[in-house]
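Scroll down for the structure; my scribbles are underneath it.
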Protein chains: 2
Amino acid sequence: MTASNDQNAALRIASGRKPFVEPLRLGERLKEIRLAQHWTLDDVSQRTGLARSTLSKIENDQISPTFSAVQKLITGLGIDLPQLLAPPKPQSATSGRRDLTRAGDGQRHPTPTYEHELLSWQLAQKRMIPFKTIVRARQFEEFTEWVRHDGEEFLIVLDGDIMLYTEFYEPLTLHHGDSIYFDSEMGHALVSVSEEDAVVLSVCTRGDSP
Amino acid sequence: MTASNDQNAALRIASGRKPFVEPLRLGERLKEIRLAQHWTLDDVSQRTGLARSTLSKIENDQISPTFSAVQKLITGLGIDLPQLLAPPKPQSATSGRRDLTRAGDGQRHPTPTYEHELLSWQLAQKRMIPFKTIVRARQFEEFTEWVRHDGEEFLIVLDGDIMLYTEFYEPLTLHHGDSIYFDSEMGHALVSVSEEDAVVLSVCTRGDSP
DNA sequence: ATGATACGTTCACTATAAGAAACATATTTT
DNA sequence: AAAATATGTTTCTTATAGTGAACGTATCAT
């Protein structure tokens with residue numbers, strides 16, 4: 001054993017998503033898709049190349065399909081895996097969440113270089129993280145290392161002017177209204193270059209899916 | 001045959017994603033994950049309950065694992081399926097893309113009710129879609145039906161005041177600096193309520209993963 | 001009703017994935 | 001260096017997924 005269970009636990013937590021595998025009613029789901037299109041087992045058989053009997057058994061959870069069989073299914077039915085694995089959409093019907101943040105009411109996270117204000121922090125399971133940032137840094141040297149995190153980031157200047165330093169490009173000056181989109185695992189750092197501290201709005205993606 | 005191929009074609013298109021099934025180097029990917037954690041086949045065997053030999057064969061693409069085997073893999077390794085299927089990160093090593101949009105240089109899409117300005121439209125494969133919108137609508141009645149799309153949306157008021165109408169909530173007045181995050185498949189619509197046309201910045205998620 | 005057709009399930013057989021142990025190399029220990 | 005241990009591959013067996021044919025039942029036509 002070269003790695004401890006603690007490490008595994010850490011990995012699970014780091015992943016940020018429940019690593020649970022639901023009963024995965026794959027058969028049920030397949031049948032649902034099939035019936036939605038008014039297809040017979042023969043139809044699906046022709047499309048996928050899998051035997052009618054095989055399909056029947058999969059639908060009734062009598063066998064656990066091979067991965068290559070699953071591939072035939074998703075190509076043949078023209079769906080993608082998430083669709084096939086998606087539980088019979090429990091949420092979709094009722095997804096009407098919202099999270100209002102009045103100006104200045106965000107959650108503040110001060111650091112020496114930045115003063116972040118998280119904007120929709122009340123909503124837990126979301127795919128974007130929006131925040132407003134007052135850029136306190138005045139010199140690139142104030143950063144001991146690159147800011148870097150998974151995913152992508154969109155940034156727009158609300159007030160003042162900033163210099164955007166990135167790992168792979170020349171520094172870039174951004175003025176009020178300018179915006180930029182970049183892969184945020186590329187090191188990056190902001191400094192204010194205007195009289196006042198600059199203010200930027202950023203939105204980051206959460207690190208999951210490809 | 002109870003359904004035409006046209007229907008199937010339509011389904012593929014409707015899905016909005018290329019229904020291609022890449023060679024799916026599942027074995028390669030598994031090995032990558034394993035080595036990244038400095039795990040041996042025995043380690044993974046203990047975690048997943050699969051035999052060492054089986055794992056070896058999966059890694060070398062000598063067999064196509066059963067779906068139940070895949071489940072054991074993802075639970076045992078504490079990952080989720082997308083992670084396991086993600087192609088051996090072709091980008092990750094070199095992901096330093098960026099897309100700058102100077103103020104006013106976005107791509108304009110005028111409609112009767114809104115005037116959108118797409119902000120980082122040069123970058124194709126991205127997970128968020130940012131755009132600035134001038135809200136032309138002055139009456140809720142100008143909308144013939146709800147605006148509605150997959151995914152989630154973040155919105156912040158840059159100028160003026162707006163009224164946000166949503167399918168499941170009372171209308172909400174938002175002033176300069178206010179922001180809101182919501183599920184965008186819930187119907188929504190904006191109207192300006194200030195003297196000038198209001199301007200908002202929105203960021204939508206792309207419609208993929210669950 | 002009677003036969004014919006269409007669908008899904010079950011059976012008997014074949015193909016293949018999963019498991020245990022032997023094998024082949026590395027790597028470490030003494 | 002030799003022995004011991006660790007790690008990944010290969011072999012052989014067994015469990016099970018996949019197939020085609022037979023079966024049961026429902027629907028339709030005559």
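A, B, ... follow the sequence lines: proteins, then strands. Residue 1 opens every chain. Only a predicted model underlies this, so the values are computations on that prediction, with no experimental measurement involved.
Regarding B:L30, its CG atom lies at a distance of 11 Å from the P atom of D:dG8, rounded to whole Å. Distance B:E59 CD to C:dA17 P: 16 Å, rounded to the nearest Å. Between the P atom of D:dT7 and the CG atom of B:N60 lies a distance of 17 Å, rounded to the nearest Å. Between the P atom of D:dT9 and the CG atom of B:D61 lies a distance of 12 Å, rounded to the nearest Å. In this structure, A:D43 places its CG atom 10 Å from C1' of C:dC7, rounding to the nearest Å. Between the CG atom of B:D42 and the P atom of C:dG19 there is a distance of 14 Å, rounded to whole Å. Between the P atom of C:dG19 and the CG atom of B:L41 lies a distance of 14 Å, rounded to the nearest Å.
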Letter per nucleotide, 5' to 3', of nucleotides 15-22 of chain D [B base touched, S only sugar-phosphate touched, - untouched; heavy atoms, 4.0 Å]
--SBBB-B
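In this structure, the side chain of B:S192 engages the main chain of B:A198 through a donor-acceptor pair within 3.5 Å.
Under the side chain to side chain contact (heavy atoms under 4.5 Å, CB included) criterion, B:K126 pairs with A:E152, A:Y181, B:S120, B:L123, B:P130, B:R206, sequence neighbours left out. By the side chain to side chain contact (heavy atoms under 4.5 Å, CB included) test, B:T166 pairs with A:R98, B:L164, B:Y169, B:M186, B:H188, sequence neighbours left out.
Two residues are said to be in side-chain contact when any heavy atoms from C-beta on lie closer than 4.5 Å; A:Q122 and A:T101 fail this criterion. Between A:L201 and A:L119, some side-chain heavy-atom pair lies under the 4.5 Å cut-off.
Classification of the A:F131-A:H116 ring pair by plane angle, with boundaries at 30° and 60°, yields perpendicular.
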